[in-house]
2 protein chains.
Amino acid sequence: MKPIRIVLAEDQAMVLGALGALLALEADMQVVALARDGAEALAAVRTHRPEILITDIEMPGLSGLEVASALHGEKSATKAIILTTFARPGYLRRALEANAWGYLLKDKPAEELAAAVRRVHAGQRVVAPELAADAWSEHDPLTERERQVLRLAGEGHASSSIAAQLELSEGTVRNYLSEAMSKLGAGNRVEAARMARAKGWL
Amino acid sequence: MKPIRIVLAEDQAMVLGALGALLALEADMQVVALARDGAEALAAVRTHRPEILITDIEMPGLSGLEVASALHGEKSATKAIILTTFARPGYLRRALEANAWGYLLKDKPAEELAAAVRRVHAGQRVVAPELAADAWSEHDPLTERERQVLRLAGEGHASSSIAAQLELSEGTVRNYLSEAMSKLGAGNRVEAARMARAKGWL
DNA sequence: GCACCCTCGTGACTTTTGTCATGCGGTTAG
DNA sequence: CTAACCGCATGACAAAAGTCACGAGGGTGC
């Protein structure tokens, strides 16, 4: 009986180590590499060709979603499980579009991780049930420009500063923000940025 | 040789379980309880009277800092180690004021957790070195009102909404924000809120 | 080719923010 | 007691932010 070989990616070293310890306790699993960012994760998967990649989303450089996308693009046999803090419909949608096999929340009991690994290894998809319904309910109504402008606005940049960074005129920036606010039903730019972020659209 | 008895508190169940697994691997340690929020942590410490409490800061209800404070107040023999994502001087300062024995970052390698537990158990204080210098460098210049107003402003509330929630006049709210912005050197309310949050003042 | 959408821009207008001076009552430290 | 600070408020003004209408170009899809 060959063990399930796993690569783990997570940017907080202590959490990474702890999850590694958790999985190492399972007799039928073997953690073959630990990665602290998306680039390391991608490299580790390419050299070790594990059955399973478990990856966080928010990591420096490449995000976990981008890693899953890249693997899907190169037709890797490794199945990706996204493990994240955030129950954001947009994240799940992007995960499914990247052909991820699992989407798990860090909120869930620790036992569910090993269980999910086994189910995915057996060819089942595993998705946090509280999100399954939401995923396709609302799609991101924002254009790419609106997202860029919203991101900066959410960080406290003034219109003039956003305009300078994106090489737009200030009026255009205000127009994009106004559009985004009305699409999202927000009363101001900050609220709009928070709403979009909560949905996983930024 | 009696084991070091530990209570662990952390709101993300999977991380909690994983850290528990990590510490359970250490022969000289015993995890006697897991808590998912501050209230549970406090209760667990009171009933189990462990040598060590390891706690996250950001948890629903009571924060880890408030738990440490409460234990200090009731002269508990349990030594608190704060384990957090955030390298914020204000957090460390509050931890030290609450007489915490350790302040560790989740960024650090997993081995450091057990090492810190042993050092704290032996009577040493353990503080993430990159923060030691910063802790007393800048003190929070904001008044309580300014903090309240900044929190709401950072969430995207308009002055009128903040005024309604805090039962202030709108002009007063703008004055507080203006004051806070000038104290922090920020160009607008959002930037001010972000700066204060980054320092651990909110 | 035509409709449609995204991008980018202008200009004029209203509303919201941010600034500053000033004032009053309460608390606290010297 | 008094000076200093905080909390709260006003009013007036300047600067940003947000709204609306309109228009020009580029790309996509049918």
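Residue numbering restarts at 1 for every chain, and letters A, B, ... go by the order of the sequence lines. All values derive from a computational prediction rather than experimental measurement.
- A close approach under 4.0 Å does occur between a side-chain nitrogen or oxygen of T143(B) and OP1 or OP2 of dG7(D).
- In this model, no donor atom of one side chain and acceptor atom of the other lie less than 3.5 Å apart for Q148(A) and R151(A).
- The side chain of T172(A) contributes no N or O atom lying less than 4.0 Å from OP1 or OP2 of dT10(C).
- Nearest-nucleotide positions on DNA chain C place N175(A) closer to the 5' end than the other of A186(B) and N175(A).
- S178(A) has a side-chain polar atom (N or O) that falls below the 4.0 Å cut-off from OP1 or OP2 of dT19(D).
- For S169(A), the side-chain atoms get nearest to dT10(C) when compared with the rest of dT17(C), dT10(C), dT7(C).
- Residues N188(B) and G156(A) come closest through the heavy atom pair ND2-O, 2.6 Å.
- Taking atom CG of residue L150(A) and atom P of nucleotide dA17(D), one finds them 14 Å apart after rounding to whole Å.
- Applying the side-chain contact (heavy atoms from CB on, under 4.5 Å) test between V117(A) and each of D28(A), V126(A), I4(A), L104(A) identifies I4(A) as the sole match.
- In this entry the distance linking CD of Q148(B) with P of dC6(D) reads 15 Å, nearest Å.
- Distance E179(B) CD to dA9(D) C1': 15 Å, rounded to the nearest Å.
- Protein atom CD of E170(B) is 7 Å distant from nucleotide atom P of dT17(C), rounded to whole Å.
- The CE-C1' distance, from M181(B) to dT16(C), rounds to 13 Å in whole Å.
- Side-chain contact between L166(A) and L152(A): present, with at least one pair of heavy atoms (C-beta onward) separated by less than 4.5 Å.
- Note on E144(B) versus R147(B): salt bridge recorded, some NZ/NE/NH1/NH2 to OD/OE distance being below 4.0 Å.
- Closest contact between the side chain of Y176(A) and the listed nucleotides dC6(D), dC8(C), dT19(C) involves dC8(C).
- One interatomic measurement links the two molecules: CD of E167(A) to C1' of dT7(C), which rounds to 15 Å at whole-angstrom precision.
- Applying the 4.0 Å criterion to OP1 and OP2 of dT19(C), one finds that R174(B) has every side-chain N and O outside that range.
- If you measure from atom CG of L177(B) to atom C1' of dA16(D), you get 15 Å, rounded to the nearest angstrom.
- Considering only side-chain atoms of A158(A), the nucleotide from dA17(D), dT19(D), dG18(D) that sits closest is dA17(D).
- Atom-to-atom, CG of D140(A) to P of dC6(C) comes out at 11 Å; the value is rounded to the nearest Å.
- In terms of phosphate contacts, R145(B) brings no side-chain nitrogen or oxygen within less than 4.0 Å of OP1 or OP2 of dC6(D).
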